[in-house]
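Read the structure below first, then the notes.
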Amino acid sequence: MRTGTLGPDERAEALAAMAERELDILVVGGGVVGAGTALDAVTRGLSTGLVEARDWASGTSSRSSKLIHGGLRYLEMLDFALVREALKERGLLLERLAPHLVKPVPFLYPLQHPAWERVYAGAGVALYDGMAMARGHGRGLPTHRHLSRRHALRVAPCLRKDALVGALQYYDAQMDDARYVLNLARTAASYGAKVANGARVTGFVREGERVVGALITDVENGGEYEVRAKQVVNATGVWTDDTQAMVGERGQFHVRASKGVHLVVPKDRINSSTGLILRTEKSVLFVIPWGRHWIVGTTDTEWDLDKAHPAASSADIDYVLEHVNSVLAVPLSRDDVEGVYAGLRPLLAGESDATSKLSREHTVAHPVPGLVVVAGGKYTTYRIMAKDAVDEAVRGLNQRVADCVTEEVPLLGAEGYQALWNARARTAARTGLHVVRIEHLLNRYGTLTDELLGLIAGDPSLGAPLRHADDYLRAEIVYAATHESAHHLDDILTRRTRISIETFDRGTRSARECAELVAPVLGWDRERIDNEVAHYEMRVEAERESQRQPDDLTADAARLGAPDIVRG
C-alpha cells in the first residue's frame with residue numbers, strides 16, 4: 001500500500017533531491033490547486049517538485065465553506081458549463097477519488113413566497129439533479145424533494161414558522177478542506193513527487209527570458225536551495241500577483257482577494273437534521289453540518305490587507321449572526337460562537353471586460369517561457385485547473401507526455417475504504433476502541449487508519465482522547481508529526497485537526513498536551529515546547545482581539561499583534 005509518509009526525514013530528503021537534479025515540473029503553492037497540479041504531473045510520469053512557503057492549505061484552502069458542490073446559484077447566472085463541470089467533479093470525488101473524505105450533505109432551502117417561488121426554485125434544483133444524473137455522476141446522492149411547511153419544520157425545527165411557506169431539500173457534498181489538500185500532497189509523494197512545506201520561493205532563476213527554476217529558502221531548518229525545472233507552475237492563489245512580481249513581468253491578469261467569514265457553533269444550538277441555504281441581499285448563507293458543530297457563513301467583502309492572516313471583524317460576525325437569526329426561532333448570540341475563521345477567495349480581475357468575466361472561473365497563462373500561471377476557479381474543480389496547468393506546461397517540454405489520468409487515481413486511503421467501513425465493528429472489537437472512534441478515524445484517514453492503529457498498538461496511551469478536545473485521539477497528534485508534515489502546534493490544532501475552531505477555548509487548553517506528544521518526533525526540548533505553546537496562545541488572543549474590532553483596518557492591526565512563530 002502506498003503511504004506517502006511526510007515526516008521530518010522525508011521533507012529533508014525531498015528538498016535535497018529537488019536541488020540535486022533538474023525537474024520536469026516545479027509547482028509553487030501548496031493549496032488545493034498546487035497539490036492537485038503536483039499529483040497530475042507526477043502521475044503523467046513527469047519528475048515533479050512541490051513547495052509551499054508555510055503549511056499545506058494554510059491559505060484559502062483550509063478556510064473555505066468545506067463544500068464540494070456544483071454551484072446551484074450559478075444556474076441562475078446561466079453558467080451551465082461551470083455547473084456541469086463541477087457536478088461531474090463532485091460525483092468523481094464522492095464515488096471514486098475520495099469517498100473517505102467527501103460525504104453527502106442535505107440542504108433545506110426555505111421558500112418565502114407563494115407558488116411562483118416553488119416553481120422557479122424547484123425547476124432550478126431539478127435541473128441541478130438532472131445535470132448530475134445525465135453524466136452518471138449523481139449516483140449515491142438522493143434527488144431533491146418538495147416539502148410542505150409542516151414537513152420542513154419537522155426536518156428543521158429550528159426555523160421560525162413565519163420564515164417559510166414550504167421548502168425544497170437537495171443534496172451536495174462536503175469535506176475537511178485542509179485534510180483533503182494534505183491527502184493530495186501525500187498522494188503525489190506516494191507516486192514519487194518531491195514535496196516540502198515550510199519551503200519559501202524567494203526568487204526565480206532565469207536564463208535570458210526563460211524561467212529555469214526557483215530559489216528556495218528552508219524556513220524550518222535554514223538553508224538555501226536552487227531548484228532547476230524545465231517548467232515552473234505558479235499556483236499561489238491570492239499571492240499570484242506577488243509571486244508573479246518576482247519575475248519582473250506584467251501579468252496578463254490580476255487576482256484580487258474577497259474575504260469570507262465563517263462562524264462555528266455547537267450542534268445543539270441549531271435544532272435541525274439538515275443543513276440550510278438562505279438567500280441574502282448579496283449571495284447565499286449556508287448552515288452546514290460539521291460533526292458536533294455547525295458552520296455558518298459566509299461573507300463576501302473585498303480585502304487588500306494582510307493575506308496570510310485575514311481577520312474577521314466584529315462587523316463580519318454581526319453580519320452572519322443577523323442573517324442566520326432572521327430565520328431561527330431561537331437566535332444565536334456571540335456566546336454561542338465557538339470558532340471564527342476568515343479566508344480569501346482568489347478572484348480574477350482582468351484589465352478588460354473580456355478577462356474580468358472570468359472571476360468565477362479559472363484561467364491558465366504562460367506569461368514568459370518556462371513559467372505557467374494558474375488562478376481563479378473554485379475548490380470543487382481543482383482537478384480540472386490542475387489538468388489545464390499541466391497541459392500548458394507540457395507544451396513547453398520537448399518530450400512526449402501522457403495525458404491526464406487523475407480521473408482514475410484515488411487519493412491515499414480511498415482504495416478499500418468501503419470494505420474497512422463495513423468491517424468497522426470487527427476492527428473496534430479487535431482494537432478495544434469504540435466503534436464511533438473507528439468511524440471517526442476511517443472518515444479522516446480511510447485505509448491509512450491501520451497506521452494509526454499501529455501507533456496505538458505500540459503505545460496504548462495513544463488510544464485515549466485528548467483531555468480538552470475529546471473528539472480526537474492522542475495518536476492523531478503524533479501521526480500529524482510522523483506522517484503529515486506538521487512542524488508546529490498551529491499546524492496541528494488548526495489544520496491537522498480543527499480544535500482551534502471546534503472548542504470554546506480555541507485549542508489553548510490542548511496546546512501543551514499536543515506539544516508534549518510531538519516533542520520526541522520533532523526534537524523539541526522544554527524551551528521549544530514552552531515557545532510553541534506561548535506562540536499559539538498569543539495567536540488565539542490576537543484573533544479574539546481582532547474579532548472585537550469594528551472594521552477591517554482595526555481587525556487587521558489587532559491580528560498582526562501576534563507575529564508568526566520563529567521557525568527552526
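When reading the values below, keep in mind they use all heavy atoms of this one structure, side chains included, and skip hydrogens, waters and symmetry mates. Just so you know, residue 1 is the first one in the sequence shown, and it goes up from there. All of these numbers come straight from a predicted model, not from anything done at the bench.
- A 6.0 Å sphere centred on NZ of K194 holds no more than 12 heavy atoms belonging to other residues, nucleotides or ligands.
- Side-chain contact check for D177 and S61: no donor-acceptor pair (N or O, by modelled atom type) lies under 3.5 Å.
- Salt bridge annotation for R496-E476: absent, with no cationic side-chain nitrogen under 4.0 angstrom from a carboxylate oxygen.
- Using modelled atom types, one finds a donor on one side chain and an acceptor on the other under 3.5 Å when comparing H362 with D388.
- Under the 4.0 Å criterion applied to side-chain N and carboxylate O atoms, R474 and E513 are assigned as salt-bridge partners.
- Between the side chains of T298 and S65, no donor-acceptor pair is found at a separation under 3.5 Å.
- D40 and Y382 are not linked by any side-chain donor-acceptor pair at a separation below 3.5 angstrom, with hydrogens and angles left out of the test.
- Checked by atom type and distance alone, the side chain of R506 pairs as donor or acceptor with a backbone atom of E338 at under 3.5 Å.
- For the side chain to side chain contact (heavy atoms under 4.5 Å, CB included) test with Y379, the passing option among L67, V181, T60 is V181; the others fail.
- In this structure, H483 and Y479 have parallel ring planes: the angle between them is below the 30° cut-off, well short of the 60° mark.
- A salt bridge does not link D172 to K103: none of the charged nitrogens lies less than 4.0 Å from a carboxylate oxygen.
- T494 and R539 share a side-chain donor-acceptor pair at under 3.5 Å.
- Distance alone, capped at 3.5 Å, places no donor-acceptor pair between the R228 side chain and the G213 backbone.
- Using bins of under 30°, 30° to 60° and over 60° for the plane-to-plane angle, the ring pair Y341/H262 lands in the parallel bin.
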